[in-house]
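What follows is a set of notes on a single structure, which appears directly below.
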Amino acid sequence: MKRHNFSAGPCILPQEVFEQASKAVLNFNALDLSILEISHRSKDFVQVIESARSLVKKLLKLGDDYEVLFLQGGASLQFVMVPFNLAKEGGNPAYLNTGTWASKAIKEAQRLSTVDIVASSKEQGFNHIPKDYTVNENADYFHCTSNNTIYGTQMKSFPDVKVPLVCDMSSDIFSRELDFTKFDLIYAGAQKNMGPAGATLVVVKKDILGKTGRNIPAYLDYQVHIDKDSMFNTPSVFAVYVSMLTLHWLDQQGGIPAIEKINQEKANLLYAEIERNPMFKAYAVAEDRSTMNATFNLVDEAYQDKFDGIWMDAGINGLKGHRSVGGYRASMYNALSLESVQVLVDCMQELEKQA
Ligand SMILES: *Cc1c(COP(=O)(O)O)cnc(C)c1O
């Protein structure tokens, strides 16, 4: 039996995507060739990447003023590419510090510029999203993290800023409806909600580029990738293919509105149990809790071995919290079923019975 996979990333993908991907490894498009051995410039792969691109635009409801790129280097390379492409020499980008990934993005930007950290929840262990801040109109751009994978917090709204709005959506892209036209640049490592590790999605509004006057190394320059249709160098063919299959699956499910409804049900079910069950307590403040990653702890750590035994026996995988937070983290990405969340809730109730 397949495990209930609550892993934070790489993470669960739809079973039918795994099945289709495994067939393509043996014989892709009846070419009598594996997807792993065809040229990235072949007609068959060009169709894959074009289809992935148009699915991204369709699902996010974006027009032709945006470009969709599939790059490598993960979201971590975007921490570097964003300031290279958008911060002027001597400029002053603004960042919201909501967790480990935001802090890493800030650190990379600081190599190039003085960074204005508009607010931070670090002192409170990143258990909430700061809301009371202003972004300077002269900032090069404003960078935020929509979902804080490690701490289990999520931005429920985004500020209206007069500067380009840049967002790391690695762990909640395609999980909920937003007005994506509000953003000028969105990036996401594929391995949290879109596909396997190795592809990084970048969605950029073309008119924000080319304004810094910087001499940007070719691989780091969005315009170079745009001009070469994401084929400046060999893209991660297999990761792009599997991402395309997952985007297609999502589209077939009814797109983002349909998946958001299920994601909300899953989160409601789990958070209700965390609140109700006296054995557990939530990590993040209620109003900022993530629908993707729920973080929680045992009230009495002495029950850890007992609880771990219960959920492992129930076929659950990947529930341990990030090493920097401890406790538990249940990641409920798009492909995780409501039934899997019910299995976890049953385990929590079983612990309460045994205690
Ligand atoms: C996982 C994660 C990253 C890092 O992604 P890589 O693709 O491993 O570089 C960055 N930001 C967020 C919000 C993440 O969840």
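Atoms within a ligand are numbered from 1 in the order they appear, just like the ligands themselves. Predicted model only: the values in this text are computed from it and were never measured. Quick note: numbers below take in every heavy atom, side chains included, and nothing from hydrogens, waters or symmetry partners.
Note on D64 versus K206: no salt bridge recorded, every NZ/NE/NH1/NH2 to OD/OE distance being 4.0 Å or above. For the pair K131 and D288, the salt-bridge criterion is met [side-chain N within less than 4.0 Å of a carboxylate O].
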Where does ligand 1 get N/O contacts under 3.5 Å from the protein, atom by atom?
from, atom 1, to, atom 2, distance (Å)
ligand 1, 7 (O), A75, N, 3.0
ligand 1, 7 (O), Q191, NE2, 2.9
ligand 1, 8 (O), Q191, NE2, 3.3
ligand 1, 9 (O), A75, N, 3.2
ligand 1, 9 (O), S76, N, 2.8
ligand 1, 9 (O), S76, OG, 2.6
ligand 1, 11 (N), D168, OD2, 2.6
ligand 1, 15 (O), T149, OG1, 2.4
ligand 1, 15 (O), K192, NZ, 2.8

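Side-chain contact check for Y66 and T181: no donor-acceptor pair (N or O, by modelled atom type) lies under 3.5 Å.
Of the listed residues (Y271, Y303, F307), just one forms a ring pair (Phe, Tyr, Trp, His ring centres under 6.0 Å) with F280, and that residue is F307.
Residues F6 and Y333 place their aromatic rings such that the two centres sit no closer than 6.0 Å.
If you take CZ on R276 and CE on M348, they are separated by 8.5 Å, rounding to the nearest 0.5 Å.
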